Amino acid sequence: RNKAASIGLGGAAAALVVAALVLWRQSVRRTEELRRRRTEAARFLTEAREEFDKSNYEKALELAGRSLTLRPGGAEAERLKRECEKRLETKKRKEAARRKAEALLTQAALAGSLSERLALLDRAVDADHSCLSAQMEKGRLLKDAYRYEEAIKTYERAIETAKTNGDAASEAVANYRIGVILWEQEKQPDAEKYMAEVKRLMPGVDNDMTRLVEAVAAFKKKDLPEVVKWCTKALEANPNSSVAYRMRGFAYLHLGDYRAAIEDFNRATAIRPSYVEAYTFRGMAKTQSGDCEGAIADFDRVIRMAPQHVYAHSNRAVVKYKMGDYRGAIDDFTTVLRLRPDDAHAYKGRALAKRAINDLKGALADYDESIKLKPAVDTYNNRSIIKKMLGDLKGAAADISEAIKLAPNLPEPYVSRGNIKADAGDLDGAIADYLKAARLRPEMWQVWANLSLAYARKRQRKKCIDALAKTLRLNP
């Protein structure tokens with residue numbers, strides 16, 4: 001019995017040992033499984049973060065979900081999952097906005113009127129604030145409609161959008177287009193600032209746009225042959241660049257090669273029939289080459305396309321004056337002043353035309369306004385002539401004195417003041433002014449001719465003969 005009892009106790013102990021071993025093995029397997037799941041969850045979470053950093057939010061969300069399946073309640077995986085869902089929702093909204101903006105862009109391209117197209121483009125931008133194509137197209141339409149200030153503002157907005165989008169190329173294009181607008185409005189310093197931005201944003205890039213940036217830089221240095229060179233290079237890169245033809249034509253115009261200028265302006269308008277600046281400068285080239293009728297035709301065309309084009313009215317006024325159409329010139333200068341009331345040049349031009357029709361008081365009033373805006377030697381000289389014609393010799397002399405203050409080393413004002421003094425009987429004062437002019441420019445024959453007359457009136461025969469001799473030597 002004792003032996004049997006001993007055997008029974010030993011079997012129970014063995015069973016307990018076996019049971020404990022089984023439980024231990026189960027615990028080890030659970031621990032290993034838990035460790036495996038944690039390792040797998042950590043790996044999925046790491047991969048999810050990597051995909052998130054690549055902006056691949058769909059894949060990151062899937063991996064974060066797998067991590068949470070293996071390890072429910074993981075705080076980092078939960079946070080990443082929420083962020084992915086948030087980003088995907090934002091992406092979904094942006095995609096919907098992009099599709100809506102694209103649809104509106106398509107409608108704008110098919111719209112009939114400019115106002116309809118602009119309204120649709122505005123709606124496209126409202127739908128998707130990052131829609132650069134709508135902003136750039138709106139800027140182009142406004143420029144082609146000669147609404148330059150609005151175009152510049154639109155391109156400025158495009159620049160900010162491009163910066164937000166990280167799109168340096170589009171930012172450069174928007175800067176370039178503003179630069180072109182300003183350059184064509186003869187606002188070179190402002191244009192140069194925007195062109196410099198193009199160069200900064202596109203380092204090492206060589207295309208027609210960057211070559212024209214170099215042309216603008218050459219204009220700043222007044223190196224016209226260099227301008228021609230860079231414009232020609234730009235045309236090699238893009239033979240259909242109307243801007244390059246217009247810019248090179250402008251350089252030829254200032255070099256005095258009017259035929260080459262007209263040819264380039266012809267090419268610019270052939271590529272872009274609505275290019276008012278090219279027509280304007282072609283008219284100027286025709287004026288310089290003596291084709292006044294052709295110039296008037298070009299300015300007329302510009303004014304039909306852009307009724308408020310200041311330069312077209314101003315240049316047409318100058319040509320009408322040259323052709324003897326003084327009243328027509330007055331009308332055009334009046335239009336310029338309505339569009340730009342602070343234009344001293346327009347007041348001065350209208351004064352010349354009024355003098356030509358003997359409206360001396362009107363001419364005097366215009367010279368007064370011109371001097372208020374921008375005192376200049378020639379304006380004082382011309383006003384002095386009007387005052388002299390009206391019998392105001394004292395006022396005429398005072399104007400010449402003001403001109404001398406502005407340019408003490410120019411001989412012409414001294415000659416004019418000498419003439420006024422001679423007419424007033426102040427021969428000594430006249431001779432003093434003539435001699436001052438002669439010292440400044442001894443080769444000016446008119447000075448010696450006037451001196452001879454003054455000496456003759458004073459009966460100073462020898463001095464009169466000497467002055468006449470110098471007159472004839474300089475102008476046989």
Side-chain angles (χ1 to χ4, degrees), residues 101 118 121-122 124-125 128-251 254 268 271-272 275-278 281 311:
L118 291 174
L121 290 170
D122 282 337
V125 174
D128 181 7
H129 296 306
S130 66
C131 186
L132 262 172
S133 53
Q135 294 171 27
M136 298 293 275
E137 177 63 9
K138 181 182 177 183
R140 186 190 69 79
L141 290 173
L142 288 168
K143 179 185 181 299
D144 288 347
Y146 323 115
R147 291 159 63 173
Y148 300 121
E149 294 303 320
E150 293 175 78
I152 289 171
K153 288 179 182 178
T154 301
Y155 284 131
E156 289 280 12
R157 182 175 179 181
I159 289 170
E160 294 306 313
T161 302
K163 287 178 180 177
T164 302
N165 294 353
D167 188 348
S170 294
E171 185 182 349
V173 172
N175 273 285
Y176 172 77
R177 290 186 181 179
I178 293 175
V180 170
I181 293 172
L182 293 169
W183 191 85
E184 290 182 340
Q185 290 183 302
E186 298 191 25
K187 297 177 180 178
Q188 276 82 3
D190 291 331
E192 288 156 9
K193 180 184 73 173
Y194 284 96
M195 292 300 192
E197 277 297 290
V198 176
K199 200 169 183 179
R200 182 186 67 80
L201 290 162
M202 304 182 76
V205 176
D206 181 25
N207 57 24
D208 61 309
M209 188 168 71
T210 56
R211 291 177 185 183
L212 286 177
V213 168
E214 295 294 343
V216 171
F219 264 115
K220 183 178 181 180
K221 299 173 186 173
K222 303 188 186 306
D223 188 347
L224 296 176
E226 190 74 1
V227 174
V228 170
K229 183 189 86 172
W230 280 108
C231 288
T232 302
K233 283 180 174 290
L235 288 164
E236 289 169 1
N238 179 9
N240 291 317
S241 174
S242 58
V243 174
Y245 277 120
R246 178 254 188 265
M247 198 176 287
R248 191 174 70 175
F250 187 76
H254 285 272
I271 294 167
R272 187 172 151 201
Y275 203 170
V276 294
E277 287 79 12
F281 283 99
Y311 293 114

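All values below were derived from every heavy atom in this structure, side-chain atoms included, with hydrogens, water molecules and symmetry-related copies excluded. If you're wondering where the values come from, they're calculated on a predicted model, not measured in any experiment.
Inter-residue side-chain proximity for Thr161 and Asp167 is flagged as unmet; no heavy-atom pair is nearer than 4.5 Å. Residues Glu236 and Asp208 form no side-chain contact, since every pair of their non-hydrogen atoms from C-beta on lies 4.5 Å or further apart. Counting only heavy atoms from C-beta outward, the side chains of Trp230 and Leu235 never approach each other to under 4.5 Å.
Looking at Asn238 and Ser241, their side chains never bring a donor and an acceptor atom within 3.5 Å of each other.
Between Ile181 and Ala151, the shortest heavy-atom distance links the atoms CD1-CB, 3.9 Å. Contact detail for Met247 and Leu212: the closest heavy-atom pair is SD-CD2, 4.1 Å. Smallest separation of non-hydrogen atoms from Ala251 and Val227: CB-CG1, 3.8 Å. Summarising the geometry of Val213 relative to Met195, their closest heavy-atom pair is CG1-O, 3.5 Å, with the distance given to 0.1 Å. Residues Phe281 and Arg246 share a closest heavy-atom pair of CE1-NH2, 2.8 Å. Minimum heavy-atom separation, Ser242 to Ala268: O-CB, 3.7 Å.
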### Task
Determine, step by step, whether Leu121 and Leu141 satisfy the side-chain contact (heavy atoms from CB on, under 4.5 Å) criterion, reporting the C-alpha distance in whole Å, the side-chain angles of both residues, the deciding distance to 0.1 Å, and the verdict.
CA-CA 10 Å; Leu121 290 170; Leu141 290 173; 3.6 Å; yes
### Query
So Met209 and Met202, side-chain contact (heavy atoms from CB on, under 4.5 Å) or not? Walk me through it.
CA-CA 10 Å; Met209 188 168 71; Met202 304 182 76; 3.2 Å; yes
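A salt bridge between Glu149 and Lys187 is present, with a side-chain N of the basic residue lying under 4.0 Å from a carboxylate O of the acidic one. In summary, Lys153 and Glu156 do not engage in a salt bridge, as defined by a charged side-chain N under 4.0 Å from a carboxylate O. We find that Glu160 and Lys163 are joined by a salt bridge, their nearest charged nitrogen and carboxylate oxygen being less than 4.0 Å apart. Ion pairing between a basic and an acidic side chain is recognised when a charged N comes within 4.0 Å of a carboxylate O; Arg140 and Glu137 show such pairing. Looking at Glu214 and Lys199, a side-chain N of the basic residue comes within less than 4.0 Å of a carboxylate O on the acidic one, giving a salt bridge.
Residues satisfying the ring-ring contact (aromatic ring centres under 6.0 Å, His included) test with Phe219, not counting sequence neighbours, are Trp183, Phe250.
Judged by the 6.0 Å and 45° rule, Arg272 forms a cation-pi pair with Tyr275.
Without hydrogens or angle criteria, Tyr311 side chain to Glu186 main chain gives no donor-acceptor distance under 3.5 Å.
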